[in-house]
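These notes are about the structure you will find just below.
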Amino acid sequence: MIGELRERLESLRREVERELEAADEPPRVEEIRVRILGRKGALTAEAKAIGALPVGERPGAGELVNAVKDALEAAIAAREVALAGGALARRLEAEALDVTLPGRRRGQGTRHPLSLVTAELLDVFRRMGFSVARGPEVETLWHNFEALNIPAGHPAREEMDTIYLAGRDLLLRTHTSPVQIRAMESQDPPVRVVCPGRVFRSDTPDASHSPYFHQIEGLWVDEGISLAHLKWALVEFVHQYFGPDVDTRFRPSYFPFTEPSGELDMQCLLCRGAGCRTCKGTGWLELLGCGMVHPAVLEAVGWDSERFTGFAWGMGIERVTMLKYGVPDIRMFFENDVHFLHQFEGR
Ligand code: 2U9
């Protein structure tokens with residue numbers, strides 16, 4: 001009897017070992033374990049059968065069954081470890097990361113030319129004692145037109161047609177002048193501010209027009225401010241920003257919010273006044289508009305126009321950038337072509 005049992009157990013062990021060898025995935029090993037060592041497993045059945053043997057044979061039979069059970073448990077565990085190791089090795093290989101590879105360089109951006117020039121312009125005026133103010137792009141009719149001596153029906157409203165919101169009481173600002181109105185409303189004189197920002201007009205785009213562009217405007221109001229202060233500040237600005245030898249000239253002009261009004265030309269940077277295509281043969285480039293603040297504007301914010309006087313000016317930031325860097329078309333600022341944008345800073 002014992003001899004038969006030994007043979008059965010040995011052949012079972014060999015067969016299970018062969019099956020384990022062939023099992024190439026953990027679920028296959030588990031299936032073998034259940035089939036042999038589980039509650040209804042083949043080896044479990046052998047163990048249960050020991051009880052039916054003659055008393056004298058039971059210890060020997062028990063030893064044999066236990067020895068095979070130990071051997072198979074060890075073989076199953078070893079196979080499980082081997083398969084897990086293989087799976088881990090495969091995963092490690094698939095997910096391998098070569099940390100010695102050089103990183104991918106992410107190109108650093110540059111400031112937009114309009115941001116760059118705005119910062120340069122603000123620097124010049126800050127050195128002259130101006131502070132910087134910004135305001136909303138959606139404005140009231142009062143701040144954009146009425147306080148600036150542009151009543152309903154004034155032809156300047158048509159020139160600065162824009163998008164009106166909420167029953168025509170709000171609009172996209174057509175200039176940054178309302179920011180100066182807000183500055184005056186929020187403080188007592190004197191005021192010395194520059195106001196950069198985006199403005200909107202119903203212009204059809206071409207090489208020199210865009211329905212959105214940027215302005216920088218300035219205002220200095222105090223007792224005793226005269227045309228001489230205006231002339232000094234603006235000529236000084238041209239010399240600081242474009243060069244100390246650049247010639248300037250003032251021409252009379254008209255704006256509703258200044259009286260008298262003027263325009264400042266500077267010598268053409270390309271031909272130095274000789275006349276070329278850029279200056280249309282005149283030797284001069286139009287740079288900005290300016291004037292003494294109209295008394296009606298001072299009165300609109302409740303300031304005594306007999307006591308206080310001031311000057312103001314305005315210029316297009318795109319225009320200044322085009323003159324300074326030789327940009328031929330205003331639309332280039334808004335096309336987001338990095339080959340264009342990257343030429344201005346840090347390269
Ligand atoms: C207040 C009083 C006066 C601002 C001024 C101009 C002249 C001017 C244009 C230049 C080119 C606009 O971008 S542009 O089209 N601006 O010519 N702007 S005086 O005058 C003010 C502003 C605010 C309270």
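One-based numbering, in listed order, for ligands and for the atoms of each.
Those atoms of ligand 1 with a heavy atom of Met184 less than 4.0 angstrom away are 24 (C). Remark: ligand 1 atoms within the under-4.0 Å shell around heavy atoms of Gln180 are 22 (C), 23 (C), 24 (C). Distances below 4.0 Å separate heavy atoms of Gly316 from the following atoms of ligand 1: 13 (O). Close approach of ligand 1 to Val297 is summarised as follows: ligand atoms under 4.0 Å from at least one heavy atom of the residue are 24 (C). Listed by number with element, the atoms of ligand 1 under 4.0 angstrom from any heavy atom of Phe213 are 13 (O).
Of the protein's non-hydrogen atoms, Gly314 O, 4.0 Å is the one closest to atom 9 (C) of ligand 1. Looking at atom 3 (C) of ligand 1, its nearest protein heavy atom turns out to be Ala312 CB, 3.4 Å. Distance from atom 19 (S) of ligand 1 to its nearest protein heavy atom, with residue and atom name: Phe257 CE1, 3.6 Å.
The aromatic rings of His112 and Phe333 are tilted relative to each other, their planes meeting at an angle between 30° and 60°.
When each of Tyr241, Trp313, Trp220 is tested with Phe125 by the rule ring-ring contact (aromatic ring centres under 6.0 Å, His included), just one qualifies, namely Trp313.
Here Ala147 has no heavy atoms under 4.0 Å from ligand 1, in either its backbone or its side chain.
Assignment of Ile181 to the shell around ligand 1 is supported, since a heavy atom sits closer than 4.0 Å. Ligand 1 has Leu148 within reach: a non-hydrogen atom of the residue lies less than 4.0 Å from it. Ligand 1 lies nowhere less than 4.0 angstrom from a heavy atom belonging to Arg319. A heavy-atom separation below 4.0 Å is found between Glu217 and ligand 1.
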Practice item. Would you please test Asn144 and Thr174 for side chain to side chain donor-acceptor pair (under 3.5 Å) and show each step? Key: CA-CA 7 Å; Asn144 195 79; Thr174 57; 3.0 Å; yes
Practice task
Show the numbers, then the answer: is there a salt bridge (Lys or Arg N to Asp or Glu O under 4.0 Å) between Arg182 and Glu139?
Solution key: CA-CA 11 Å; Arg182 288 177 181 279; Glu139 264 297 359; 2.8 Å; yes
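Summarising the geometry, atom CD belonging to Gln215 is positioned 13.0 Å from atom CZ belonging to Arg319; distances are rounded to the nearest 0.5 Å. Interatomic distance, Arg157 CZ to Thr162 OG1, rounded to the nearest 0.5 Å: 12.0 Å.
Considering backbone and side-chain atoms alike, Gln215 places an N or O below 3.5 Å from some N or O of ligand 1.
When atom types are taken as modelled, the side chain of Arg13 and the backbone of Val68 share no donor-acceptor pair closer than 3.5 angstrom.
Using a cut-off of 4.0 Å between Lys/Arg side-chain N and Asp/Glu carboxylate O, Arg331 and Asp329 are scored as salt-bridged. By the 4.0 Å N-to-carboxylate-O rule, Arg14 lies too far from Glu17 to be salt-bridged with it.
Nearest to atom 7 (C) of ligand 1 by heavy-atom distance, out of Gly310, Ser253, Ser261, Gly289, is Gly289.
Residues Thr309 and Ile225 share a closest heavy-atom pair of OG1-O, 2.6 Å.
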